[in-house]
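Step one of this worksheet: look at the structure below.
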Amino acid sequence: MDRRLFIWGTVGVLGFSGNAWAKAVSEKDAQTGLRDILTKGTQAAVERVSRPDGYWGDTRIQIPLPKTLAKTQKLLKPLGQSGLLDDLHLRMNRAAESAAPAAKGLFIDAIKGMTIKDAVGIINGGDTSGTQYLQRTATPGLKTAFTPPMQNAMQQTGAVDYLDRVVKRNNMQGFLKTDAKTYLGDYAVGLALQGLFYYVGSEEAAIRRDPAKRTTQILKAIFG
């Protein structure tokens, strides 16, 4: 059975909303269109953040040091002794760039798993409702994929040992809820995924809003 849904919108002129309009689109087309949007959006986002300086050179998503370490870095820098923390800061971002390509397959799996019910809710949702769906469904797998390179980067810089020394020297045992390697890895992974989803959301919103980005007939029918 060809079940159809209505997509609602408004006609606006010079910023003023006009009469509401509604289009009937098959639920299957909605599902296909959303899969197309999210595939394009995730591929563009992954390519963007995985290139050299994808994280490090982008102030919107660059991963900062944890606040306690950032304060220490600021104090040590004038003394010329912040090298280890400077290296850690760079390596966290380089690790995120190198881990990002692993997200492609995980995104594809999540997109393939989208049901017609999911698609109907997303298509009538906000500009980034598809991205929010991916955050719910793909994040566990992404954390698993990103964690090993992040933890390795923390270990290779000596940052894990350094953090242990800082904690003991300053009686900050309560600062860490787990071991230093896990703490630094989890911290960096969380922010790396925030940056990745930031650009997935940006791509999704652009496709929804920009007619030039609607490159298939289905997308034109849904958002046209």
Evaluate the side-chain proximity of T128 to S202: yes if any heavy-atom separation is below 4.5 Å, no if none is.
no
Under 3.5 Å, sequence neighbours excluded: what are the donor-acceptor pairs made by side chains of residues 99-114?
none

No-hydrogen, no-angle side-chain donor-acceptor test under 3.5 Å, Y199 and D58:
yes
Without placing hydrogens or testing angles, list every side-chain donor-acceptor pair under 3.5 Å for residues 134-146, not counting sequence neighbours.
from, atom 1, to, atom 2, distance (Å)
T137, OG1, Y133, O, 3.0
T139, OG1, Q135, O, 2.5
T144, OG1, P140, O, 3.2

Could you check if a side-chain atom of L38 sits within less than 4.5 angstrom of a side-chain atom of E204, using non-hydrogen atoms only?
yes
Non-hydrogen side-chain atoms of Q62 and Y55 separated by less than 4.5 Å
no
Are K77 and K74 packed together at the side-chain level, in the sense that at least one heavy-atom pair is separated by less than 4.5 angstrom?
no
Between H89 (side chain only) and I63 (backbone N and O only), is there a donor and an acceptor less than 3.5 Å apart?
yes
Side-chain (E97) to main-chain (W56) donor-acceptor, under 3.5 angstrom
yes
Compare every heavy atom of L184 with every heavy atom of P66, then report the nearest pair and how far apart it is.
CG-CD2, 4.2 Å
What distance do I122 atom CD1 and R35 atom CZ have between them, rounded to the nearest 0.5 Å?
10.5 Å
Using modelled atom types only, decide if a donor and an acceptor are shared between the side chain of T115 and the backbone of D118 within a distance under 3.5 Å.
yes
From CG (L196) to CZ (R48), nearest 0.5 Å:
12.0 Å
Has the side chain of Y187 got a donor or acceptor atom that lies under 3.5 Å from a matching backbone atom of T182?
no
Would you call R94 and D53 a salt bridge, taking side-chain N to carboxylate O under 4.0 Å as the test?
yes
E203 side chain vs A44 backbone, donor-acceptor pair below 3.5 Å
no
Look at the side chain of D36 and the backbone N and O of T32, then say whether any donor-acceptor pair between them is shorter than 3.5 Å.
no
Search all heavy atoms of T68 against all heavy atoms of T72 and return the closest pair with its distance.
O-OG1, 3.1 Å
Are the side chains of D186 and M150 in touch, meaning some heavy atoms are under 4.5 Å apart?
no
So CG of L69 and OG of S82: to nearest 0.5 Å the spacing works out to 12.5 Å
